[in-house]
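For the single chain, residues carry numbers from 1 onward in sequence order.
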Amino acid sequence: MASRNKCLILGFTVFLWVELYAQYPHIDQNVTCRLLRKFNLTGYVEAENHSVVIGGLFPVHYRTMPTSDSDEEIESPMCEGFNFRGFRWMKTMIHTIKEINERKDILPNHTLGYQIFDNCFSITKAMESSSVFLTGQEEYKPNWRNSTGKFLVGIIGAGGSTMSVAVSRIVGIHRVPQVGYASSSSIFSNDYQFPYILRTIPSDKFQSEAIVNLIRHFGWVWVGAIASDDDYGKYGVKFFREEMERANLCVAFSETIPKVYSNEKMKIAVDAVKSSTAKVIVLYATDIDLSPFVLEVIHHNITDRTWIATEAWITSALIAKPEYFPYFGGTIGFAIPRSVIPGLKEFLYDVHPSKDPNDVLTIEFWQTAFNCTWPNSSVAYNVDHRVNMTGKEDRLYDMSDQLCTGEEKLEDLKNTYLDTSQLRITNNVRQAVYLFAHAMDILRQDDIREEYREKSVLESKSILDYIKVWPYMKEIKFVTHDGRKIELGSNGDVLNGSYDIINWHMDNTGEITFVKVGEYKFTRSKYEFVLPKNSTLFWNTESSRLPDSVCTKVCPPGTRKGILQGQPICCFDCIPCTDGYVSEKPVGKDLQQCA
């Protein structure tokens, strides 16, 4: 125990030494502290013979497995629950880098390498990966080259907003650029707290405004809100509530879904939905965090609700299952615009465990997809469920008795990984890679500045390190392969963009389809809400008509609205008019007196 206390560097603790050395370079460099154990990280790396390396973080698993609480044994947790969507995002980064390396019009004479890790939708893994990006598995101080030995240009990730916050607290100390492809929380708009983060996804500030405009469009005045208990959910609902107040609309309730399952906390959220008169509810959560709540809604047979979805789950196959349609059919919400990525489908299909026996992610993908065990593989896969309020479901870890033959056909799968019909966040990953590439290419061509006049940038081996690239990233403007203009503000936010308005339908084959019924376009100063009158909308109500969501229904003629002390403006009494006065029209939320 004594030796352990003297020299313990793991997880968060390693960064104390990183910070100290950065701020106090005179510190004894002969200190012998090292990580007691290596991190259990999985992913892909290709750095040899490349000019620079781009780091990447993706949620290829849903969460980490519990570890031992022993004081003597410090373990880096393993991961569980294979995430086909996250695996597709990871592969898209590799595909995009290969595409750029083959192009002659961008970064000629330079090629990009990559070092990509699975963060398991976990802060722990995101921070472990960050330490490896900066220092490697053995080092205790940043060496300005990452563990591959190449210059690190920056990091793409880390997926969800909370994980990106954790990563930025570490890599931001050393001014390493970070580009978020799915981190939409408005917290990142604060460039004082997050000076080295850019994003290819719009801030949730725009999405919250879009949601309120959708609510106003359909005449809803009394709406509930459920959020994940993290930066994404909390800041999203915060802006949503502020926008609702500005629009003189009312939030019936606002509850959170726990990140770590809690029967008590989940019950509070479920009971709020069941007991409220609000029939329209905003769900501000990622698909992974939302999944346990969805199971509870089904378990309690909560129907006749209209759910407003955010971009994080509106097109997620984890939630959009046919068996969930009686409860979540008619969901309406906002999605990142769909795109087609040339060559990606073929690249995704080019995967097989026999290509690399050490590729544990591909082996696990194959085993999970085909429900078999790869011969001589020690890679376990699992069918896992979080315990719900009934207590009847538990995690199951298993390996199939059936061996994989290698002859299984990917074409036979109906699999999120292979589904290229809804490339939305996937396209954000692609644009994040191109953001780095275009910035580096502009830097490569910049031979005007004084410091480069004496020595050509093409001759400088370190010209593409992140310290030099960052200023060019902040000023970047480029056009994507599908004609969209990418332009970022001084705080790293997307300046203009759009959302698709999606409504859940069921097709003739019994599958959920994501029908685009409108569009929401925005800039910093204005927006355009487009939802044509002839749009085919499906509503999950008994009448199949537009749902009504009010606290108090319209007062009939002959009555007037009476304010209820301490209640929102959407809740009121209907008071009969006094003798000699009459109210000829129905009275709604807006004040109408007898005359």
**Spacing of CD1 belonging to I476 relative to CG belonging to L435, to within rounding of 0.5 Å** = 5.5 Å
**Request:** For atom CG of D412, decide whether the heavy atoms of other residues, nucleotides or ligands shown that lie under 6.0 angstrom number more than 12.
**Result:** yes
**Asked** Do I486 and H438 touch side chain to side chain, with heavy atoms closer than 4.5 Å?
**Response** no
**Asked** Do D287 and R85 sit within salt-bridge range, that is, some charged N less than 4.0 Å from a carboxylate O?
**Response** yes
**Prompt:** Within a radius of less than 6.0 Å around CZ of R484, do more than 12 heavy atoms belonging to other residues, nucleotides or ligands occur?
**Reply:** yes
**Message:** Centre-to-centre under 6.0 Å for W89 and Y181, is that the case here?
**Reply:** yes
**Item:** Close side-chain approach of L112 and H50, heavy atoms under 4.5 Å
**Value:** no
**Request:** Run the ring-centre check on Y434 versus F478 and record whether the distance is less than 6.0 Å.
**Result:** no
**Asked** With the threshold set at 4.0 Å, does a side-chain nitrogen-carboxylate oxygen contact exist between K259 and D289?
**Response** yes
**Message:** Let me confirm one number: the OG-CZ distance from S339 to R430, rounded to the nearest 0.5 Å.
**Reply:** 7.5 Å
**Request:** Answer with yes or no whether the side chains of S183 and S164 bring together a donor and an acceptor at under 3.5 Å.
**Result:** yes
**Asked** Under 3.5 Å, is there a donor-acceptor pair between the Y44 and T362 side chains?
**Response** yes
**Item:** Flag, side chain of E408 to backbone of T405, donor-acceptor distance under 3.5 Å
**Value:** yes
**Prompt:** Do the non-hydrogen side-chain atoms of T420 and I341 ever get within less than 4.5 Å of each other?
**Reply:** no
**Prompt:** Is E80 salt-bridged to R63, cutoff N-O under 4.0 Å?
**Reply:** yes
**Request:** Would you check if there is a donor-acceptor pair between the side chains of S291 and Y62 at a distance under 3.5 Å?
**Result:** no
**Request:** Check the angle between the aromatic planes of W374 and H352 and answer parallel, tilted or perpendicular using the 30° and 60° thresholds.
**Result:** perpendicular
**Message:** So does N428 get a backbone contact from the side chain of T200, meaning a donor-acceptor N/O pair under 3.5 Å?
**Reply:** yes
**Complete:** The reported gap from CD1 in I156 to CG in L198 (rounded to nearest 0.5 angstrom) is 11.0 Å
**Request:** Indicate the atoms forming the closest heavy-atom contact of L152 with G55, along with that distance.
**Result:** CD1-N, 3.9 Å
**Request:** Look up atom OG in S228 and atom CD1 in I288, then write down how far apart they are to the nearest 0.5 Å.
**Result:** 11.0 Å
**Expected output: side-chain S208 to main-chain G236 donor-acceptor under 3.5 Å** = yes
**Request:** Identify the two heavy atoms, one from N119 and one from P59, that lie closest to each other, and give their separation to 0.1 Å.
**Result:** OD1-CA, 3.3 Å
**Item:** Donor-acceptor pair between H95 and E99 side chains, under 3.5 angstrom
**Value:** no
**Message:** Side chains of D204 and Q207 only: does a donor on one sit below 3.5 Å from an acceptor on the other?
**Reply:** yes
**Salt-bridge criterion met for D493 and R199 (N-O under 4.0 Å)** = yes
**Request:** Any chance you could measure D118, atom CG, to E364, atom CD, to the nearest 0.5 Å?
**Result:** 8.5 Å
**Item:** Identified side chain to side chain contact (heavy atoms under 4.5 Å, CB included) counterpart of F347 within the set T96, I94, T92
**Value:** I94
**Prompt:** Would you say the side-chain atoms of D191 pair up with the backbone N or O of F194, donor to acceptor, closer than 3.5 Å?
**Reply:** no
**Prompt:** Is a side-chain donor or acceptor of T331 paired with a backbone partner of F328 at a separation under 3.5 angstrom?
**Reply:** yes
**Message:** Taking the ring centre of each residue, are F121 and H61 less than 6.0 Å apart?
**Reply:** no
**Asked** Could you walk me through whether F87 and T368 pass the side chain to side chain contact (heavy atoms under 4.5 Å, CB included) check?
**Response** CA-CA 12 Å; F87 192 48; T368 307; over 6 Å; no
**Prompt:** If you round to the nearest 0.5 Å, how far is CD of Q193 from OG of S168?
**Reply:** 9.0 Å
**Message:** With side chain to side chain contact (heavy atoms under 4.5 Å, CB included) as the test, pick out the partner of V167 among I170, V165, V171.
**Reply:** V171
**Prompt:** When you look at N263 and Y261, which way does the side chain to side chain contact (heavy atoms under 4.5 Å, CB included) test go after all the steps?
**Reply:** CA-CA 7 Å; N263 241 14; Y261 192 90; 3.4 Å; yes
**Prompt:** Taking C-beta and beyond as the side chain, do I116 and V45 meet within less than 4.5 Å on heavy atoms?
**Reply:** no
**Asked** Are any of the side-chain nitrogens in R424 or D500 under 4.0 Å away from the carboxylate oxygens of its partner?
**Response** yes
**Message:** So which atom in M266 and which in P292 form the shortest heavy-atom distance, rounded to 0.1 Å?
**Reply:** CE-CB, 3.9 Å
**Message:** Counting only heavy atoms from other residues, nucleotides and ligands, does the tally under 6.0 Å from CZ of R103 exceed 12?
**Reply:** yes
**Asked** With side chains defined as the heavy atoms from C-beta onward, is the minimum distance between T373 and Q402 less than 4.5 Å?
**Response** no
**Least distance between heavy atoms, I425 atom then A182 atom** = CG2-CB, 4.1 Å
**Prompt:** Less than 4.5 Å apart, any side-chain heavy atom of S129 and any of F39?
**Reply:** no
**Prompt:** Is any side-chain N of the basic residue among E511 and K414 closer than 4.0 Å to the acidic one's carboxylate O?
**Reply:** yes
**Asked** Which of parallel (below 30°), tilted (30 to 60°) and perpendicular (above 60°) describes F133 and F117?
**Response** tilted
**Request:** Please examine the side chains of V60 and F84, heavy atoms only from C-beta on, and report whether any two atoms are closer than 4.5 Å.
**Result:** no
**Check against side chain to side chain contact (heavy atoms under 4.5 Å, CB included), I257 and D229** = CA-CA 6 Å; I257 301 170; D229 191 13; over 6 Å; no
**Prompt:** Would you find a donor on one side and an acceptor on the other, under 3.5 Å apart, between the side chain of Q431 and the backbone of T480?
**Reply:** no
**Asked** Taking all non-hydrogen atoms of both residues, which atom of C79 and which atom of K125 are closest, and how far apart?
**Response** SG-CE, 3.9 Å
**Asked** Would a distance-only check, ignoring hydrogens and angles, find a side-chain to backbone donor-acceptor pair under 3.5 Å from Y417 to L348?
**Response** yes
**Request:** Look at the side chain of K321 and the backbone N and O of I512, then say whether any donor-acceptor pair between them is shorter than 3.5 Å.
**Result:** no
**Donor-acceptor contact present, side-chain S122 to main-chain T124, <3.5 Å** = yes
**Item:** Smallest separation among heavy atoms of A432 and V179, with atom names
**Value:** CB-CG1, 3.6 Å
**Request:** Output, in order, the C-alpha distance, side-chain angles, deciding distance and verdict of side chain to side chain contact (heavy atoms under 4.5 Å, CB included) for D359 and W366.
**Result:** CA-CA 11 Å; D359 184 353; W366 200 270; over 6 Å; no
**Asked** Side chains of T426 and R88: is there a donor and an acceptor less than 3.5 Å apart?
**Response** yes
**Item:** Charged tip of K474 within 45° of Y196 ring normal and under 6.0 Å
**Value:** no
**Asked** Does CD in E48 sit with more than 12 non-hydrogen atoms of other residues, nucleotides or ligands closer than 6.0 Å?
**Response** no
**Request:** Mind telling me whether W313 and W504 have parallel, tilted or perpendicular rings, with 30° and 60° as the class edges?
**Result:** perpendicular
**Item:** Side-chain heavy atoms of T162 within contact of I123, under 4.5 Å
**Value:** yes
